[in-house]
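Below: one structure, written as structure tokens.
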Amino acid sequence: MPAASPDLRKELNGAEEDGPEHDARIFGEVTDLFLSNVGRLGDSQIAAVDGVLAHLIARVDATTVIQLSEALSTIDRAPRQTIRQLAFHEQPQVAAPVLRSSSCLSEADLLEIVKSRGQQHLLAICDRKALNEALTDALMRFGDVNVSNALARNSGARFSECGYATLVGRAERDEGLAEKLGVRMDIPGSLLRELIGKVADVVRARFLTAPRPVARQKAQNSAAAAAAQGGVARKAIDYTQAQSEVVALNRTGKLSDSIVNRFAVRGEYTHVVAALALKADVKVEAIEPLLEADRVYGLIVACKAARLTWSTTTMIVRNRPNCPPATDRELEQCVAVFESLLLSVAQWTIRWGSDRILARKNEPAAAPAASKKVGQPA
């Protein structure tokens, strides 16, 4: 790091003797000096920068301080005292960048901010890549409904049993929160059952037939890997023969649970799709997407609506083509979905989801999806 010029050292020593313009200039020069040399600084040099910046934060305009917060938020060796002052700043626009991203803040710092600052500060903390149970418990204790929704949306947030129970309780009165919780990969099966039982039919149908964001990311990664290895886009599948054979089996009373189980064991998934579509009374185009890794809940609903046993449903889930093996937690969640739904509810849900899937397929690519409220079934 280049040494500060004699004039700059002199001005730093007499910083309090001049006005705001002087403070802003020194603040900018020290900031630029640090950011330009951050990889080469020793601890004593960072401490010197820290002393200057922390001293001047309250003496320069907010716009300049926001820029500093944004610049320091992703630097692991950022000056600690300066980071703390930014994080505790009363203006959330100043605090937000470091609250969202800085690795220099300790758990104790974050807990203190949760207890002493406003909702905008809490929302910024909710966006951190990882939040442990102590932090999510505190955020739910002091946060409002927006904080609960932000936490439920954050796949890196971890919840205690009490914390998850609190969110599920709040979801009964908050449809958006219910939908976010319903697609989380880490929700315990017991609380998923409770959530399914608490919410309205349409809300339940939305999250049971929606893609799960974390699983979708895994699926995208798998697709990217396949493309890198010379893979090509999946061709459209012709279900005509499978449908004919399934209809013939059904006509003679032979399309039994064991037959569908055998299709799954043999990997004959054109027949699995055709059988589910026939038995659940929906189109194959609506069943086919449910074989993707991110649609397992919808697949479970379809199996329930088709009157399949859990044994056969498990076989279908475990043998899905091009899908990673289901984890123990995923299977626990799938059991919760399967056992929580009455046959009539599963049949309505898969038909509602089928209409939604087919409608989206038929939308023009350039046309944005219009949001509309769907009425609850009679």
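Small disclaimer: the values here were computed from a predicted structure and weren't measured.
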Checking side-chain polar atoms at under 3.5 Å, does [X] have a donor or acceptor matched by the opposite partner on [Y]?
| X | Y | answer |
| --- | --- | --- |
| S256 | S258 | yes |
| R170 | S148 | yes |
| Y239 | E288 | yes |
| N154 | D127 | no |
| S344 | W348 | no |
| N146 | Q119 | no |

Minimum heavy-atom separation for [X] to [Y], with atom names?
| X | Y | answer |
| --- | --- | --- |
| A178 | F207 | O-CD2, 3.7 Å |
| S102 | I83 | OG-CG2, 3.7 Å |
| L177 | L167 | CD2-O, 3.7 Å |
| D186 | A157 | OD2-O, 3.8 Å |
| C303 | I316 | SG-CD1, 3.8 Å |
| A165 | L191 | N-CD1, 4.0 Å |

Original post:
Has E161 got more than 12 heavy atoms of other residues, nucleotides or ligands less than 6.0 Å from its CD?
Top reply: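 Open.
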Subject >> More than 12 heavy atoms from other groups under 6.0 Å of CZ on R318 >> reply: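 No.
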Does any N or O in the side chain of [X] come within less than 3.5 Å of the main-chain N or O of [Y], such that one atom is a donor and the other an acceptor?
| X | Y | answer |
| --- | --- | --- |
| N132 | L135 | yes |
| T314 | W310 | yes |
| T64 | V60 | no |
| T252 | A248 | yes |
| R77 | L41 | yes |
| S340 | V337 | no |
| H121 | H89 | yes |
| S36 | D32 | yes |
| E339 | A336 | no |

Can we say [X] and [Y] salt-bridge, meaning some charged N sits less than 4.0 Å from an Asp/Glu carboxylate O?
| X | Y | result |
| --- | --- | --- |
| R25 | E29 | yes |
| R206 | E175 | yes |
| R307 | D257 | no |
| R80 | D50 | no |

Are any of the side-chain heavy atoms of [X] and [Y] separated by less than 4.5 Å?
| X | Y | value |
| --- | --- | --- |
| L99 | L123 | no |
| V284 | L278 | no |
| V260 | H271 | no |
| V335 | R193 | yes |
| V147 | D144 | yes |
| I357 | T209 | no |
| R320 | V296 | yes |
| T313 | T309 | no |

**OP:** Could you walk me through whether R329 and E332 pass the salt bridge (Lys or Arg N to Asp or Glu O under 4.0 Å) test, one step at a time?
**Re:** CA-CA 5 Å; R329 174 52 59 88; E332 175 193 343; 3.1 Å; yes
Should [X] and [Y] be regarded as members of a common hydrophobic cluster, given that ILVMFWY residues are connected when their side-chain heavy atoms come within less than 4.5 Å of each other, either directly or indirectly?
| X | Y | result |
| --- | --- | --- |
| L343 | V301 | no |
| Y269 | I237 | yes |
| M315 | F338 | no |
| V203 | V145 | no |
| V94 | L35 | yes |

[atom1]-[atom2] distance between [X] and [Y], expressed to the nearest 0.5 angstrom:
| X | Y | atom1 | atom2 | value |
| --- | --- | --- | --- | --- |
| L139 | F159 | CG | CZ | 9.0 Å |
| Q333 | I300 | CD | CD1 | 10.5 Å |
| K304 | L342 | NZ | CG | 7.5 Å |
| I125 | T136 | CD1 | OG1 | 12.0 Å |
| F88 | E112 | CZ | CD | 4.0 Å |
| I57 | Q81 | CD1 | CD | 8.5 Å |

Original post:
Of R184, R158, E194, which meets side chain to side chain donor-acceptor pair (under 3.5 Å) against Y164?
Top reply: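 Single side chain to side chain donor-acceptor pair (under 3.5 Å) partner of Y164 among R184, R158, E194: R184.
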**OP:** Go through V49 and L33 one step at a time and tell me if the side-chain contact (heavy atoms from CB on, under 4.5 Å) criterion holds.
**Re:** CA-CA 9 Å; V49 169; L33 197 63; 5.9 Å; no
Original post:
For W352 and D201, what are the C-alpha separation, side-chain angles and deciding distance, and is it a side-chain contact (heavy atoms from CB on, under 4.5 Å)?
Top reply: CA-CA 10 Å; W352 184 91; D201 289 343; over 6 Å; no
Subject >> side-chain contact (heavy atoms from CB on, under 4.5 Å) between I350 and L208, intermediate numbers included >> reply: CA-CA 9 Å; I350 198 60; L208 289 180; over 6 Å; no
Original post:
Is the charged tip of R212 near the ring of Y297: under 6.0 Å from the six-membered ring centre and within 45° of its axis?
Top reply: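 Relative to the ring axis of Y297, which defines the angle, R212 lies inside both limits.
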Subject >> side-chain contact (heavy atoms from CB on, under 4.5 Å) assessment of E268 paired with V272 >> reply: CA-CA 7 Å; E268 298 172 352; V272 171; 5.8 Å; no
